[in-house]
Amino acid sequence: MSFHKPTFAHPELPINKVGYRKKDYEGVISTLCAGCGHDSISASIVQACYEIDLEPHKLAKMSGIGCSSKTPAYFLSNSHGFNSVHGRMPSVTTGANLANKDLTYLGVSGDGDSASIGMGQFVHVARRNLNMTYILMNNGCYGLTKGQDSATADLGSISKSGSENPFQGIDLVGLALELGASFVARSFSGDKSQLVPLIKAALAHPGFAFIDVISPCVTFNNNKGSTKSYDYVRQHIEATSEFDFVPKEQPIKVEYSEGTGKSVTLFDGSTIYLDKLSNNWDPTDRYSAINRIQEGKKKGEIVTGLLYINPESQELHKLLNTVDTPLNKLTEKDLYPGDGILDRINDTFR
Amino acid sequence: MSFHKPTFAHPELPINKVGYRKKDYEGVISTLCAGCGHDSISASIVQACYEIDLEPHKLAKMSGIGCSSKTPAYFLSNSHGFNSVHGRMPSVTTGANLANKDLTYLGVSGDGDSASIGMGQFVHVARRNLNMTYILMNNGCYGLTKGQDSATADLGSISKSGSENPFQGIDLVGLALELGASFVARSFSGDKSQLVPLIKAALAHPGFAFIDVISPCVTFNNNKGSTKSYDYVRQHIEATSEFDFVPKEQPIKVEYSEGTGKSVTLFDGSTIYLDKLSNNWDPTDRYSAINRIQEGKKKGEIVTGLLYINPESQELHKLLNTVDTPLNKLTEKDLYPGDGILDRINDTFR
Amino acid sequence: MPSSRINDLVIRFANVNGTGSASANGLFAKAIFRMGIPVSPKNIFPSNIQGLPTWYEVRVNEKGYLARKDGIDVLVGVNPQTLRRDIDSISSGGYFVYDSSKKLHEEYYRDDVTMLGIPMMKISMDHYEVPRHQQLFKNIIYLGAIAALLDVELEVIKELIAEQFATKEKLIPPNYKALDLGYEYAQNSFECPLKVRVERRDLIGDKILIEGNEATALGTIYGGATVLTWYPITPSTSIAKAFESYAKKFRIDSATGKNKFAIVQAEDELAAIGMVLGGTWNGARSFTATSGAGISLMNEFIGYAYYAEVPCFLINVQRGGPSTGMPTRTQQGDVLFCAYASHGDTRHILLFPSTPTECFEMGALGLDLADRFQTVVFMMSDLDLGMNEHLTEPLHWDKNRKYDRGKVLSAKDFEDPDLEWARYLDVDGDGITYRTIPATHPTKGSYFTRGSSHNEYARYSESGEDYVRLVDRIARKIDTAKKHVPGAELYQKISSSPLGMIFYGTTTYAAIEAMDIFESNGIAIDSMRIRGFPFDEDVVKFIQEHETVFVVEQNKDGQMRTLLINELEINPAVLVPILNYNGYPISAYNINTQIDQHLSINNLMKEVL
Amino acid sequence: MPSSRINDLVIRFANVNGTGSASANGLFAKAIFRMGIPVSPKNIFPSNIQGLPTWYEVRVNEKGYLARKDGIDVLVGVNPQTLRRDIDSISSGGYFVYDSSKKLHEEYYRDDVTMLGIPMMKISMDHYEVPRHQQLFKNIIYLGAIAALLDVELEVIKELIAEQFATKEKLIPPNYKALDLGYEYAQNSFECPLKVRVERRDLIGDKILIEGNEATALGTIYGGATVLTWYPITPSTSIAKAFESYAKKFRIDSATGKNKFAIVQAEDELAAIGMVLGGTWNGARSFTATSGAGISLMNEFIGYAYYAEVPCFLINVQRGGPSTGMPTRTQQGDVLFCAYASHGDTRHILLFPSTPTECFEMGALGLDLADRFQTVVFMMSDLDLGMNEHLTEPLHWDKNRKYDRGKVLSAKDFEDPDLEWARYLDVDGDGITYRTIPATHPTKGSYFTRGSSHNEYARYSESGEDYVRLVDRIARKIDTAKKHVPGAELYQKISSSPLGMIFYGTTTYAAIEAMDIFESNGIAIDSMRIRGFPFDEDVVKFIQEHETVFVVEQNKDGQMRTLLINELEINPAVLVPILNYNGYPISAYNINTQIDQHLSINNLMKEVL
Ligand SMILES: Cc1ncc(C[n+]2csc(CCOP(=O)(O)OP(=O)(O)O)c2C)c(N)n1
Ligand SMILES: Cc1ncc(C[n+]2csc(CCOP(=O)(O)OP(=O)(O)O)c2C)c(N)n1
Ligand code: SF4
Ligand code: SF4
Ligand SMILES: [Mg+2]
Ligand SMILES: [Mg+2]
């Protein structure tokens, strides 16, 4: 069941460069629980896509299965969506991307979807540096199947039923860094001011851009003792820097404190500005990121922000050396090997 | 097809504490290619099991699919073996271990088996800290299917057909450390003097003990330009320490250089001695191990040895709080809920 | 004018999920049960956690018919999202009970339905302050009103409430109050009871009201399962949950406080079944429960278990397929897929429970059969059976019953110098060979388990003859199972009609009712319920004794019918499919209509009458 | 005394794998081909890289029969591991050619076989120094000897060697020398040629000798595939290899040197098929190739593609199952599994090539059909077809042929103000609906693809009616495919016998030969070859026109027979299974024997004669 929002648009609402209002980036009304972190992330996605002047139909929304994976229905109604099977969004996105390198691919997944059944595909999509944005809506539990611990649940986190998780949690940020992912970030569904620019930068990044967004499940994992509850996250969050993303062409108006900031220019000319950087951390050095996270963990901090970016990122199509024209645009004319070729081939088998 | 070795035993061959000769730890004649690294690893397994006085029938040999996964047939004929499906050895071993905590579990796998199709199970068996030894026979290629690059093939490694691998290789040692595996080591099939004590220590370790053994494929990946060839590995190998494993009860006769050595005592009283440790590295601190590997990578070194051990390791049965009697020994007497219980249960449904 | 009926009605509650209605609705069904009247509730819920329409439908029937029935007599409509369709769904002459806190728009009125407005929310707000309480007690208020309208004994409901809050006693009075408020409002406002109503009987005996999954879990507990490895998926999840809670009650070692069981939530279904194989191979009774997508993912290991002969008990709580399909609706859609799961020539043992009592029995039996036949045994439950409460015989366990561990050799067996053992040698002629558990004996009995072809000595072999001998023996073994799976149940001593009807699992309730309806119309139909696969001789005989056999099932393609034709070499013309696959449990009416249609088209009616 | 036969023999080379024998053996088969004589080689190899027994069996037959034939006339035995069984396998009156460098033990001698000892290794060591060369040239030496013994034209072999080493010319002379050494040794030592021998003919025409997998890959190249995602598994791997090598030859943009294709070796089969779905959904022709275990693992996605209607072309090169089974042996064991793959009610399109030429055609057609029907299309090849060279018609492509992209709407279509589009609305009545590729139009045409149930507008729906409409329409769509899959091939204009024979894929060679043998014995059997599923009307008609129909296939359970019975509602009594499932290609003799047996048992012989 899905409910459509009334679509009368206020003509006075601001229009972005490609002619769309923010409303045009919305989807159908969410059927998630009131207060679910995932809905806030959807809102940030809407905001980010609107702000970077992305034509909605040039983005493809990909997901797996779970409450989180339902969200693509709740944003960007003018985009095609692919709600695949549990844990396999990365492979479908890989195929889609191979077919058309010109679109923007936005994948969303849950922690069950990515860290359990989907672990293999997560690792390999990172390894291939697929040009996509991968948003993990991380609530430490299986929302849709009613709250079981997921593999990202932290050791010792208390579930709603009162049991303590005996297993070490998997940190997909750490894993992505170890795998050499080219853009790794962490954020919180409740921190739109950080999340929106992160999503913008991720969408612009040419390669695999991973954002682990802690996104509390109000129904099953927002209790006392849970390390993924709103309260806990708010108390332990620690941003690595202030962060802004400026698309190319746009005038730069960011000011940052002398000596503590850094700017990273992306391939397409966009720029990422980081201000008030943590000590001992350089966002373009992945080992410093690993160390920064570890340091945070020892102190009980949830370190957020853009943690690592590889400005030299070579995305999959570069590695495969594919033609500039998207493969799905090639026709008989481009693909037919040519007259006489088959005869010559036949001859090699005589 | 499997060929049985003639089994006449020289009576004068030395017998170990549990009454077996080294021959008793062998298997059928290998059908692998002459010179295959995997055969050397099998030999080290035979040696290690013999030396630690393990009763062969108290060990279970587990594997997936591949040349590497065939090896359990080539050692320990008196042990039960389970040659499962491709990439799923960890789950089968988990089940087997749940059923009987008293056996020793030795899993072998290939890099295709573990780093591609089996990635998810690898990650999760590490996360659960299953009490097993996991030997990766890592040749950077798919031997049995004729030499395709595997996911552990290094970036830029040249295949036999001359093509260059465009993908970043996955380092399962790095991954295991990131996941918090409790025993992580790397070795080389050609270095028996290092490998045998490592296997002995791994078998004694109460928890998940991972040994990445670089094991050249002579037929498909031993060419010039390959970073998994015998030549390349020999040239780039760098041991983190000298290493010895001393089972409990055995008199200690290791001498190590003052100040550069370390000994780690395991739960069962066995001791691991490390001598001539690399700088800036403490084998009981996993972040120092991560850093040590990184440092090595920058210098083009293949860092080997016991890289990390958690002496506080809590294996899965501890986390699950299972009874001391193996579950497969429990009978009706232990499991029947008791007279009248079912009537009471029925009553709750009235 | 509504016709007057006692203990024969269908009531449906239309709610929004996540609003606490489930508990109030459950009280209603349980109250009917306690009044000694057969009752059959069905939950119709969305694949969602909060805010979407959900229905709870209860059939009350003193004849004991438990099938879902078409036609709603009373609809309690408290979900504005579905008002239109809820009102439309009421049978002519029925009742619509609604929240009149806000005025109902005129367009919703129906002339042929009695509209009973109760200002539920208003009453609740007048008496409770916390918004969450207002929401919750509204449900109890309508329950009170329904009690008045249908003559449900208030004392019974109160007793249930008291039991429910036994450990939170202070919640009892406000609940009582809400109940009374609703009751009184209805008494004061309408002529109570309505013409359709209930009345105490003594028809329940020692029966219980229990969900299939709960009973299944208990079956595996009594059957001696010690290892459960699983991955969450609706509608099988509650088996794992129930197993865990019973294990925590009855399987803790009193001396040490340690667990005589191990439960692992696996990373996915491939791992879950892999763990089962490892567990049973190593001699612990292990099982998993899943549905739909999980079965698809387990296919590689299913073929392995078949071919390498590793015991594997697999519970499939079927839901609407294909693909994610209708995850919260019921179907019997995986019958064919499970029977022949995995690539290559395979055949698997299937069990078909049709009541929670059978879920209990087959939950234990499945573990025995897996061990005995060293192969995959599927228990084919479904969402309707697994997740709804059913009136069923109490669970029974013979305390002297031993687990059948099958042909397992012990160290002692190996002391016999005459023992000539080979893992895959058929010494008994039944296709079942002797296995050993790891560590049985220091030097004898070890072998290599593999999914590649092998000879009797478990050695790898590429010989065509070895292969043929192996697969033929396994086929023989599965044939042997015919005599060990639960036999078909016949509903008559001897066949007496040219017409027969075959059904299984949750089509049973409706089929039995349909059979009675036919009988009351003077048409005799012989009936048989299938309980296991491979089919036993009775199934063959039953089909042979009838000209036309209707096969009633809840899938689109008549999968059981295919299985019958293929396995028993039956002429398809004999077997007429009677199908329902919209995700709702089949009704007797549906069966009757379809059979009628077939009979009249084929002019068989005459002949039979 | 050996009987004298020209161009009608079976020769088998018994080697050790990894010793370079494959190349020498291949030269033999190719030389026969070049001499204008029909030839059919079969590789019988182990699941291993080096050191185990491997056989290469070549049938030479001027009547053009290409099936494997029982009975070996000449055995070239150079593998000491298998000496005993190799010698035992020779037909009485046949020849054993062996390496007499070491004396053959007397126990190996057979009176009814001519033993031809050639000191191959000795000759080689006398003339070559490097051990590896001694090993390799030994193979060429026995090839030379065989040429003398069987009268194979030496010039033809030399020509082939010259072509093979065109770019490494200095290897030609030593090879020639080895060939001559063997040839001369045989000439000098034995009476050459033997009574079984070959002789130049002109029976090949423009046919080619090619492996099925090579042709399949070419089919997908010509069919316009741009995305290949796969995971290595025998015997499908060589499809990916061939696709890559042809793509690198014919699909490089000449201006930029960039690739007009993308090949990804996926992390496993689940990912491989997921990528295919993503690729086709996004409008690029994509496919994957796998076998056995891969199909099992792909089941979840197969159901998804069926239900969400995403095109998916999947090539299954079947091998011996179940489980890992016999990975280097051939079978047609996945027919039933593929037809109904995945949980829930499903049905998939299958293509059955029986020659490399058809592999080529169906390799292209499969891509068309997947796009047209927006569903899964399986091409059911097998190891025998895929990995052995077959004599077959040359590959042909109509240069004006357009890809059938199916019902895909363009931006222009959306400019039409009358267009009322819904993704899953059946406007044409054929069950096929119109789809859009992402980014088609800024504001129109977007939709949500999902495996959960949905309505015509691709919106999530839990309505039973929506569900039923959807699955019924998909079933209708698959029915429509009957007319689009390749029709059955009939081997006679009109049915003229009460007996019929149905076969498909690689049973074809043997079945045709068997049919001829029956005919020469005065028994007429009508024949039909199935090329596609769902079955077309011809299949129904053929079965109806015969009293008894033999269904010849290479699996244990008669899977195609099951499919015929189930889909066409055929009385099973009509269809008699003729099976072979030991992993070796079926022979005509085997078919004849089984049919004879059936006929004599059933006293049908009389009737037919
Ligand atoms: C193969 C398969 N197994 C199990 C399920 C059941 N299932 C649906 S959602 C889900 C977990 C979702 O958890 P997560 O990805 O964390 O998403 P959340 O709901 O927490 O956002 C599971 C196990 C499924 N759909 N498919
Ligand atoms: C599901 C499945 N897919 C593919 C295969 C084919 N296969 C057999 S071994 C193998 C790879 C083996 O590589 P690795 O694990 O590295 O072992 P190695 O042979 O190199 O020791 C593959 C892909 C299979 N057996 N099962
Ligand atoms: S169950 Fe949790 S994750 Fe799912 S919608 Fe509700 S709050 Fe969000
Ligand atoms: S192919 Fe490679 S991995 Fe396999 S046995 Fe030979 S050398 Fe070893
Ligand atoms: Mg989650
Ligand atoms: Mg390998």
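Given the structure is predicted, the values throughout are model-derived calculations rather than measurements. Letters A, B, ... mirror the listed sequences (proteins, then strands); counts begin at 1.
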Select one option (side chain, backbone, both, neither) describing which atoms of [X] are under 4.5 Å from chain B's heavy atoms.
| X | value |
| --- | --- |
| Lys249(C) | neither |
| Arg34(C) | side chain |
| Trp281(C) | side chain |
| Arg285(C) | neither |
| His454(C) | neither |
| Glu389(C) | neither |
| Val227(C) | side chain |
| Thr229(C) | side chain |
| Phe301(C) | side chain |
| Tyr307(C) | neither |

Going from [atom1] on [X] to [atom2] on [Y], what distance comes out if it is rounded to the nearest 0.5 angstrom?
| X | Y | atom1 | atom2 | value |
| --- | --- | --- | --- | --- |
| Ser79(B) | Tyr447(C) | OG | OH | 13.5 Å |
| Ile208(C) | Thr348(B) | CD1 | OG1 | 7.5 Å |
| Thr322(B) | Ile263(C) | OG1 | CD1 | 12.0 Å |
| Lys399(C) | Leu342(B) | NZ | CG | 13.0 Å |
| Asn400(C) | Glu332(B) | CG | CD | 10.5 Å |
| Leu277(C) | Thr93(B) | CG | OG1 | 11.5 Å |

Less than 4.5 Å apart, any side-chain heavy atom of [X] and any of [Y]?
| X | Y | result |
| --- | --- | --- |
| Leu103(B) | Pro438(C) | yes |
| Val323(B) | Asn259(C) | no |
| Pro394(C) | Arg350(B) | yes |
| Val85(B) | Tyr304(C) | yes |
| Tyr460(C) | Val28(B) | no |
| Phe250(C) | Ile341(B) | yes |
| Lys61(B) | Phe448(C) | yes |
| His57(B) | Thr440(C) | no |

task = Would you kindly say whether His80(B) and Thr436(C) are connected by a side-chain donor-acceptor distance under 3.5 Å?
result =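 Short answer, yes.
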Closest heavy-atom pair and its distance - [X], [Y]:
| X | Y | answer |
| --- | --- | --- |
| Gly274(C) | Ser91(B) | CA-OG, 3.4 Å |
| Ala262(C) | Leu98(B) | CB-CD2, 3.9 Å |
| Ile221(C) | Pro337(B) | CG2-CG, 4.1 Å |

Interface moiety of [X] toward chain C, non-hydrogen atoms closer than 4.5 Å:
| X | answer |
| --- | --- |
| Thr331(B) | backbone |
| Asp339(B) | side chain |
| Ile345(B) | side chain |
| Met62(B) | side chain |
| Pro90(B) | neither |
| Glu55(B) | neither |

request  = Please check if the side chain of Lys260(C) supplies one atom and the backbone of Asp334(B) the other of a donor-acceptor pair under 3.5 Å.
outcome  =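 Here the side-chain-to-backbone pair exists.
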inquiry  = Check whether Arg251(C) reaches the backbone of Leu335(B) with its side chain - one donor and one acceptor, N or O, closer than 3.5 Å.
reply    =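 The answer is yes, because a donor-acceptor pair under 3.5 Å joins these two groups.
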Most chain C-contacting option - heavy-atom pairs closer than 4.5 Å, from [options]:
| options | answer |
| --- | --- |
| Leu320(B), Leu327(B), Asp347(B) | Leu327(B) |
| Gly120(B), Pro72(B), Ala99(B), Gly95(B) | Gly95(B) |
| His317(B), Lys58(B), Arg127(B), Gln121(B) | Gln121(B) |

Taking atom [atom1] as the centre, does [X] end up with more than 12 heavy-atom neighbours from other residues, nucleotides or ligands that are less than 6.0 angstrom away?
| X | atom1 | value |
| --- | --- | --- |
| Asp206(C) | CG | yes |
| Lys146(B) | NZ | no |
| Tyr403(C) | OH | yes |

query = Can Arg450(C) and Phe82(B) be said to form a side-chain contact (heavy atoms from CB on, under 4.5 Å), step by step?
reply = CA-CA 6 Å; Arg450(C) 45 162 60 90; Phe82(B) 198 120; over 6 Å; no
Identify which of [options] forms the greatest number of heavy-atom pairs closer than 4.5 Å to chain B.
| options | answer |
| --- | --- |
| Gly445(C), Gly451(C), Ala255(C), Ser452(C) | Gly445(C) |
| Lys444(C), Glu163(C), Glu214(C), Glu211(C) | Glu214(C) |
| Val264(C), Asn455(C), Val276(C), Asp253(C) | Val264(C) |
| Ala308(C), Ala272(C), Gly279(C) | Gly279(C) |

request  = Could you walk me through whether Glu267(C) and Arg128(B) pass the salt bridge (charged side-chain N to carboxylate O under 4.0 Å, His left out) test, one step at a time?
outcome  = CA-CA 11 Å; Glu267(C) 58 272 33; Arg128(B) 292 193 187 99; 2.8 Å; yes
message = With a 4.0 Å cut-off on N to O distance, would you call Lys258(C) and Asp324(B) a salt bridge?
response =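 Looking at Lys258(C) and Asp324(B), the cut-off is met.
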inquiry  = Which label fits Tyr336(B) and Tyr222(C): parallel for a plane angle under 30°, tilted from 30 to 60°, or perpendicular past 60°?
reply    =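 Ring orientation of Tyr336(B) relative to Tyr222(C): perpendicular.
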inquiry  = Applying side-chain contact (heavy atoms from CB on, under 4.5 Å) to Asn328(B) and Ile437(C), what does each step give before you reach the verdict?
reply    = CA-CA 9 Å; Asn328(B) 72 354; Ile437(C) 305 298; 4.0 Å; yes
